[in-house]
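Residue numbers start from 1 in every chain, and the chains themselves are labelled A, B, ... in the order their sequence lines are given, proteins ahead of strands.
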Amino acid sequence: MSEQQHEPVPYRTFILTWLALLILTTITVVVSRIELGALNIWAALAIASLKSSLVIFVFMHLKQESKLFRVCLLVMLVILAIFIGLTFFDVLYR
Amino acid sequence: MNPLSNPTAQAVDNVLIYIFGFSLILLLGITVATIYFVIRYRRSTNPQPTSQVHGNLWLETLWTLLPTLIVLTMFWYGWVNYVGLREVPDNALQVKATARMWSWQFEYPDGRRENKLYVPVGRPVKVNLISVDVLHNFFAPAFRIKRDAVPGMETYLWFTATEAGSYDVFCAEYCGLGHSAMITTIEALDQADYAAWAQPAETPQPTAEPHGLTILKEQGCTGCHSLDGSPLVGPSFKGLAGRTTRLDRDGKIEEVEADADYIRRSLLQPKADIVEGYPPIMPAADYLSAEEIEAIVDYLLQPADE
Amino acid sequence: MSIEHRDDTGDRFGMWLFLYTEVILFSGLFILYAVSLYKFPEQFGEASHKLNIYFGTINTLVLLTSSLTIALALSAIRMGRNKQSLVLCLTTIGLALLFLINKYFEWSAEIGHGIYPGSAQLAAMGPGITTFFNLYYFTAGLHGLHVLIGASLIGVVAVLTARGRVSAERCGLLENSALYWHLVDLVWIFLFPLYYLIL
Amino acid sequence: MNEATPRYGGFFAESPRPGILGWLLSTDHKRIGIMYLACITSMFIVGVCLGLAIRLELIAPGPTIMGAQTYNATFTVHGVIMIFLFIIPSIPAAFGNLLLPIMIGARDVSFPKLNLLSWYFYISGAILAVIAIFSGGGAPDTGWTFYVPFSTQTTTNVNLAVTAAFMLGFSSILTGINFVTTIHRLRAEGMHWGRLPLFVWTLYATAWIQVLATPMLGITLVLVLLERLFGAGLFDAARGGDPILFQHLFWIYSHPAVYIMILPGMGVISEVIPTFARKPLFGYWAMALSSLAIAFAGSLVWAHHMYASGMSDMAIMIFSLLTFLVAIPSAIKVFNWVSTLYKGSIQLAPPMLFALSFIFLFSIGGLGGLALGAAASNLHLHDTTFVVGHFHYTMFGGTGFAFFAALHYWLPKFTGRMYDHKPAVIAWALLFVGFNITYMSMQAVGIQGMPRRYYDYLPEFHTLNRVSTIGSWILAVGLIVMFVNLWRGIRGGRRVGNNPWGATTLEWQVPSPPPMENFGAQDPVVTKGPYDFKGVVADEY
Ligand code: HEA
Ligand code: HEA
Ligand code: CUA
Ligand SMILES: [Cu+2]
């Protein structure tokens, strides 16, 4: 079962990630209180994506998983982007 | 699909013929090849396969690229002709079409309302579609045009009748019970007839039907309510006057004498009291003016004269 | 019956696939959100001000922490510290409950103001705002449901750990429940700014 | 199988549990596959009988055998049953479960218990759907597309129907997850990607669509439900909603779904044709990759169902272009099938007949799809019976005939018995002729402009409709002959060996019916490609 299980991740890695997430959360809240117009939403999304990639790669051990896992994740995200993006070809130009 | 001379139909038919033509050729090619191989290489004459080839890069690239080109031309031809269907000539006659379960109403710039779409021959007509309840679709096969009527949104289409005559209009978006009955016609009149029709009749003809009845027909009430007692979606208007209707007030049945304000209520808040055994689908007729409603009430209440 | 045959990587892979389906499920609601935001920008801003940002922020912290604890629980079991792992699992469940309790108070407050799907008051606020709150309730509700499921999964894991059925060699179940729990966290990471923070 | 002979009974005989429980609680992929096959076939029979009723009603203008409400309910239920209960699970869930593990040299799928669970979701969905027909407010009358706002207003059992569809979607998702994982993790030693049978490739592509598209259907249906329960107004224009958005969400799933339907069918054809041409499939990699290409491109084109919906013209241009791109991989497949026949040694056994007619019928359907995909011509053809013709050609003429081919091809494997060939050929002829009469005339009347979902029609459409109805009777006879013949074959057909057709994929090397663990003591080691016919002999012919 060598390839089946990966090495346990040391506690501090997780704790540091957690701190990073907390900091990012405060950043979103602060940024959202500044009036940036449409930028607000993009900033929020950018930070959220950053946070989620932290969760995915560290907490969910994607770092240790084989390439297959990352490729599949990519496929899913591409499809997701297509679903949302192409819908907007209608909504934006209606 | 008889050849038609009007512009929209021609635009669409070009594409149809182009694509069907290609498709026919391709289909024939494939079928003939298949049948030929099946006969030529049948087990009885060809007991052992005479080739074990796994593939052929050139052939495969060929029949990847060829279809690509073919479909791209199809796409382009389809698109350019579609653009033509969306660009309305600016001298177009504007008509507002209201779709409701299950009837059409056409309103002209001069405020006149009709259930059939009367248009002059030779002049482009722009139909602005709206719906008051669910999705409907204005489909005129003779002009190859089709567009949904969407509640809360205005859509449009245009056409030009090149020959006088009467052309079918269907509702081509499923809208429930009366979907297949939601049919009307485009009446294309040549100049003289159209002029005659277009000028307002100042003196109402002696044989004019009661005003209320006209409204009922205009408003598409008759789409759901028959005048001859035959049951449609809604109860028939025949003998409505003084009829005691059994109402279903959420669960408990009540008997009501159909009098003036009952009818007003039925018109303005149909959901308030539902006639027993009927679905609660009657649209509120609050878009009617007060006198229109009175006219309807009067008409419905006058005793049925035998 | 198929013979006892074990493939942890396969199990994890299957779990990831399942998580993808969850993401797509929520994405449907996010498409609706995006389109409505595009149609009613200022109504959305106004509506989101009606949401209590403190509840939102606290819940974010709670979920992030719970993600940490469950991740730690996995490391712990891998290092053979089953007791610790059990404690961490229970903490995670505790945090999940805390999250739900928060939600309960938040929602009852809003419902107290007569703001809930189909309420007359909401309808009175006009199109954009109604859309916002309906979407908010459905998305948050669906997410809450996932919190519930995830918590009970981890509950099962905890019991099995206590019984010694989950251990350094056989921690697949804990691994997958943890994955699921992280997804719950991920959804909230997007849900939070979109509903509580847009101006 | 039930006769009390000491003969070898394969997985039908061996079971840890006796009797019916041995099936209902079995996690063996073959037993689950058989259970799927049984349910799906019965659902199919219900569906086609409804189809027959539809045609009977349309034999003449005006009411003939039913009222308008009944008619609307009939085509709705016909559509729902055919789509969600028959065609989507037909080949993947039934034959996929039966064959996939054996074909890749595995003992079972990755998650046998999940597999059983997904069957239970299927059966509960089926039961709910049936309840929806017979209970309360009457059978749903929305059409299988559940378009709002009508679906949120009608008083019929839409809630139940929607819940049923939701469960069926979940069942389909579980199957998808299972197959993807299985194909990645459980391939036997030596079974690398270049040696997978094409059927496995198509199942793989299908499974990905099931995983990535189906959840969108789930959330859409949930929203319809919430709309009906709480009146949230998310799709209600009056309250800031957008009815067209529903159509987007619905088709984001339901277009990819049509490739869930056709891809496994294409896989079956890619197995049958080489076997009866005794020749390797032409262009293996082109076939494998085009399956993935279809799956991917298929998720880019959903809005070609919405050209007339009031969607923006920009979107129409984009989606029309993408729609045409989907046609290309399909074209590649067709050309490769045909050229596989070249210089083969062709045997017109029943499965081959169905496979060859698949090519013809699917081509007609698909080429019709091109006319629908072009923006201008779609405006004339949209929601006419031409569309109905198109999708019956693709679904029934395509997937349906592939399903029949699979039945004739693999049933001998799983029962160890062979049906009579003469009745099978007669049935095929009847089906083929009846099919074209029925749907060719339907397409023709559509081009003349008859809208679909029409309970009543104008006199000018009468002739073609009558022809179509008569065609459906020929179809009916053909189907009955086929089913009866197959049934007799299963019960009392003559015994055949492990490899009646002389096919090369792994399932033909195990005994028929296959034993519980598929490969006895040790797992197989694969040393050659899937279509290497050297030295393989058929014990038939
Ligand atoms: C198995 C199911 C299936 C399949 C495989 C397809 C395949 C295709 N479909 Fe179809 N379709 C449906 C099932 C299916 N469809 C259903 C159920 C509906 C109606 C839903 C409803 O409203 O109820 C529908 C409706 C539908 C519409 C909407 C019609 C409308 O309502 O306005 C459109 C429009 O573009 C379309 C297009 C296509 C295209 C381009 C393909 C392509 O994939 C076809 C590709 C195949 C070929 C092209 C033929 C084979 C190739 C050759 C013969 C080689 C030569 C070819 C070239 C050189 C190009 N389909
Ligand atoms: C795989 C899918 C599939 C299949 C196989 C069929 C099969 C048939 N369908 Fe289907 N149909 C759909 C999927 C399918 N349909 C869908 C999705 C719709 C859209 C619904 C909607 O609009 O929402 C539709 C709509 C639809 C319409 C359009 C309704 C309308 O728009 O007004 C019509 C009209 O003729 C029709 C007819 C038929 C017919 C005649 C058959 C024939 O194939 C039937 C042939 C079979 C028989 C005539 C019966 C044979 C008898 C038996 C098999 C019994 C045997 C019993 C024993 C052996 C015990 N169907
Ligand atoms: Cu109106 Cu169909
Ligand atoms: Cu499609």
Side-chain angles (χ1 to χ4, degrees), chain A residues 1 3-11 13-15 17-19 21-22 24-26 28-29 31-38 40-41 43-45 47-56 58-62 65-66 68-69 72-73 75-77 79-81 83-84 87-88 90-92, chain C residues 6-13 16-17 19-21 23-24 27-28 30-31 34-35 37-39 41 45 48 53 56-57 60-61 64-65 67-72 74-80 168-169 171-172 175 178-179 181-183 185-187 189-194 196-199:
Chain A
M1 288 290 155
E3 65 102 23
Q4 292 286 357
Q5 285 197 5
H6 18 71
E7 284 311 299
V9 181
Y11 287 178
T13 325
F14 283 146
I15 295 176
T17 323
W18 174 67
L19 289 174
L21 287 168
L22 295 191
L24 285 169
T25 311
T26 30
T28 9
V29 177
V31 168
S32 73
R33 298 300 100 182
I34 315 164
E35 180 56 78
L36 299 168
N40 277 103
I41 193 79
L45 283 177
I47 298 174
S49 323
L50 201 62
K51 286 165 78 179
S52 42
S53 38
L54 275 178
V55 173
I56 291 175
V58 183
F59 283 173
M60 299 172 84
H61 303 91
L62 191 62
E65 297 290 7
S66 64
L68 171 67
F69 282 66
C72 293
L73 179 65
V75 170
M76 186 276 281
L77 291 175
I79 295 288
L80 192 60
F83 286 170
I84 299 175
T87 312
F88 267 84
D90 171 15
V91 180
L92 287 181
Chain C
R6 196 159 143 225
D7 174 11
D8 288 359
T9 313
D11 296 353
R12 281 203 304 278
F13 186 65
W16 277 89
L17 290 175
L19 298 188
Y20 298 160
T21 67
V23 173
I24 304 275
S27 76
F30 281 115
I31 290 180
V35 173
L37 175 65
Y38 166 77
K39 280 166 97 182
S48 81
I53 181 164
T57 322
T60 314
L61 302 184
L64 288 176
T65 318
S67 248
L68 170 70
T69 50
I70 196 68
L72 291 176
L74 185 54
S75 284
I77 203 107
R78 286 268 181 66
M79 303 175 190
E169 303 74 45
C171 55
E175 215 166 12
L179 281 175
W181 189 253
H182 292 308
L183 174 93
D185 192 13
L186 280 177
V187 173
I189 285 181
F190 280 91
L191 208 154
F192 168 61
L194 287 181
Y196 290 81
L197 295 187
I198 48 167
L199 275 166

Say you draw a straight line from [atom1] of [X] to [atom2] of [Y]; how long is it, rounded to the nearest 0.5 Å?
X: A:Phe83; Y: C:Ser27; atom1: CZ; atom2: OG; value: 7.5 Å
X: A:Ile15; Y: C:Leu72; atom1: CD1; atom2: CG; value: 5.5 Å
X: A:His61; Y: C:Arg12; atom1: NE2; atom2: CZ; value: 9.0 Å
X: C:Leu183; Y: A:Ile56; atom1: CG; atom2: CD1; value: 9.0 Å
X: A:Leu73; Y: C:Tyr20; atom1: CG; atom2: OH; value: 4.5 Å

Between [X] and chain A, which part of the residue has a heavy atom less than 4.5 Å away: side chain, backbone, both or neither?
X: C:Ala34; answer: both
X: C:Phe13; answer: both
X: C:Tyr196; answer: backbone

For chain A, which candidate among [options] shows the most heavy-atom pairs at distances under 4.5 Å?
options: C:Gly28, C:Gly56, C:Ala76; value: C:Ala76
options: C:Leu37, C:Thr60, C:Ile31, C:Leu19; value: C:Ile31
options: C:Ile24, C:Ile77, C:Leu194, C:Thr65; value: C:Thr65
options: C:Asp11, C:Leu179, C:Thr57, C:Asp185; value: C:Leu179

Check: Sub-3.5 Å donor-acceptor pair from the side chain of A:Ser52 to the main-chain atoms of C:Leu186, do we have one?
Finding: no

Closest heavy-atom contact between [X] and [Y]?
X: A:Ala48; Y: C:Pro193; result: CB-CG, 4.4 Å
X: A:Phe88; Y: C:Val35; result: CZ-N, 3.9 Å
X: A:Lys51; Y: C:Ile189; result: CB-CG2, 3.9 Å
X: C:Arg78; Y: A:Pro8; result: CB-CB, 3.4 Å

Where on [X] is there a heavy atom nearer than 4.5 Å to chain C: the side chain, the backbone, both, or neither?
X: A:Val9; value: both
X: A:Thr28; value: both
X: A:Ser49; value: both
X: A:Leu77; value: neither
X: A:Ile47; value: neither

Item checked: C:Thr69 and A:Trp18: CA distance, side-chain angles, deciding distance, side-chain contact (heavy atoms from CB on, under 4.5 Å) verdict -> CA-CA 10 Å; C:Thr69 50; A:Trp18 174 67; over 6 Å; no

Any side-chain heavy-atom pair from [X] and [Y] closer than 4.5 angstrom?
X: C:Leu64; Y: A:Phe59; answer: no
X: A:Ile84; Y: C:Phe30; answer: no
X: A:Val29; Y: C:Phe192; answer: yes

Check: Would A:Leu62 and C:Trp16 count as a side-chain contact (heavy atoms from CB on, under 4.5 Å) if you check the C-alpha gap in whole Å, the side-chain angles of each, and the deciding distance to 0.1 Å?
Finding: CA-CA 10 Å; A:Leu62 191 62; C:Trp16 277 89; 4.0 Å; yes

